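See structure below.
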Amino acid sequence: MTADDSFCRLDDDDYPAYTMGRAAEMLGTTPAFLRAIGEARVITPLRSEGGHRRYSRYQLKIAARVRELVDQGTPVEAACRIVILGTARFALGGTPQG
C-alpha cells in the first residue's frame, strides 16, 4: 500500500479511521455511550488488530443522530430503535428518517 492509498482512505465514509476515544470526543459523549449503541446493534465498529474498536464517519453520523434524540429526552434504547428503523426504511428505498 502506498501513501496515496492511505490518504484516499480518509475520504472513504466507511473507513474505520477513528478510535473510540476520538469518536466519543468528536460526538461530545462518552465511550460508554458508544458501547451502549454498539450493544444495541445500531453500529458495529470494526476492530483493530489489537482488538480496539474503530469507527467510520458513516457510523459517527448514525451515532450523532442517536445522541440528538437522547439529548431531546428520548431514552437511549428508544433512540436506538428509532434510528435502526429509519436506516432500514432508507435502505428499502424510502426517505431517511430517525
Side-chain angles (χ1 to χ4, degrees):
M1 175 183 306
T2 67
D4 287 338
D5 292 337
S6 294
F7 289 125
C8 288
R9 285 181 164 179
L10 296 176
D11 290 332
D12 182 355
D13 278 350
D14 294 319
Y15 181 69
Y18 303 99
T19 63
M20 176 179 276
R22 180 67 179 128
E25 181 181 311
M26 291 170 67
L27 294 170
T29 190
T30 64
F33 176 81
L34 291 172
R35 281 192 294 275
I37 64 174
E39 289 171 9
R41 300 197 187 267
V42 175
I43 56 175
T44 304
L46 293 177
R47 299 280 182 151
S48 68
E49 289 182 18
H52 301 282
R53 291 173 179 88
R54 305 285 295 193
Y55 297 88
S56 69
R57 279 190 291 188
Y58 177 72
Q59 290 172 324
L60 294 184
K61 289 175 188 175
I62 293 170
R65 180 61 182 135
V66 174
R67 168 83 197 276
E68 287 175 14
L69 292 169
V70 170
D71 287 349
Q72 294 170 6
T74 305
V76 70
E77 298 82 10
C80 289
R81 285 193 301 272
I82 290 166
V83 170
I84 288 169
L85 291 172
T87 304
R89 180 177 177 180
F90 180 67
L92 294 172
T95 56
Q97 298 194 354

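Just so you know, these numbers come straight off a predicted model, no measurement behind them.
For the atom pair Gln59 CD and Lys61 NZ, the distance stands at 12.0 Å (nearest 0.5 Å). Atom CG in Leu60 sits 5.5 Å away from atom CE in Met26 (nearest 0.5 Å).
The list of side chain to side chain donor-acceptor pair (under 3.5 Å) pairs with a residue in residues 21-36, not counting sequence neighbours, reads Arg22-Glu25. Annotation: side chain to side chain donor-acceptor pair (under 3.5 Å) contacts involving residues 67-85, sequence neighbours excluded, comprise Arg65-Glu68, Arg67-Asp71.
When side chains are defined from C-beta on, Asp13 does not count as touching Ser56, because their heavy atoms never get closer than 4.5 Å. Contact check for Tyr55 versus Thr19: no side-chain heavy atoms found under the 4.5 Å cut-off. The shortest distance between side-chain heavy atoms of Leu27 and Leu34 falls below 4.5 Å. Between Tyr18 and Arg57, the closest side-chain pair of non-hydrogen atoms falls below 4.5 Å.
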Using a 3.5 Å cut-off and no angle test, enumerate the donor-acceptor pairs between side-chain atoms of residues 42-53 and protein atoms at least two apart in sequence or in another chain.
residue	atom	partner	partner atom	Å
Arg47	NH1	Gly51	O	2.8
Ser48	OG	Gly50	N	3.3
Ser48	OG	Gly51	N	3.4
Ser48	OG	His52	N	3.1

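Between Pro31 and Ala24 the shortest heavy-atom distance is N-CB, 3.8 Å. Residues Val76 and Val70 come closest through the heavy atom pair CA-CG2, 3.8 Å.
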